[in-house]
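The next block holds one structure in the form of structure tokens; read it before the comments.
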Amino acid sequence: EMLRSARRLTRSLKYLWLKRGDQIILQMPNCPELLQFFGAIFRIGAVMVPVCTRSGALRMPSMRAYYALACAIIVPMKPIMTTGKIRMTR
């Protein structure tokens, strides 16, 4: 199940034109989806930049400039809306 989900996320990340060596911020609470993203990022060969969930969105511009990020995956501690899907945009 986890491997299947990681493969599905890998396809989604590749759809966003992410590739080997890209730096991706991953800011989300400890949950099963965190491991799925670990697997997906590892499979495409990107570099994961883990960020504490308590560092707010105000720090994101400075982190983006410092790390030369290709993508930021941010999941709030308490979801605003429950849709059952994680939406990723570039």
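- Between Gln36 and Ser5, the closest heavy-atom pair is CD-CB, 3.5 Å.
- Leu16 is connected to Phe37 through a chain of hydrophobic side-chain contacts under 4.5 Å among Ile, Leu, Val, Met, Phe, Trp and Tyr, so both are in one cluster.
- For the salt bridge (Lys or Arg N to Asp or Glu O under 4.0 Å) test, no residue two or more places apart in sequence or in another chain qualifies with Arg20.
- Looking at every heavy atom in both residues, Ala6 comes nearest to Ala40 through O-CB, 3.6 Å.
- Nearest heavy atom pair, residue Ile24 against residue Ala46, reads CD1-CB, 3.7 Å.
- The side chain to side chain contact (heavy atoms under 4.5 Å, CB included) test applied to Phe38 returns Leu26, Leu34, Leu35, Met48, not counting sequence neighbours.
- Side-chain heavy atoms closer than 4.5 Å link hydrophobic residues (I, L, V, M, F, W, Y) into clusters, and following such links, possibly through other members, connects Met2 to Leu13.
- In this model, no donor atom of one side chain and acceptor atom of the other lie less than 3.5 Å apart for Arg7 and Thr10.
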- Task: Determine, stepwise, if the pair Lys14 / Ile44 fulfils side chain to side chain contact (heavy atoms under 4.5 Å, CB included).
- Result: CA-CA 8 Å; Lys14 285 182 178 179; Ile44 63 172; 3.6 Å; yes
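- With values rounded to the nearest 0.5 angstrom, Leu9 atom CG is found 9.0 Å from Ile41 atom CD1.
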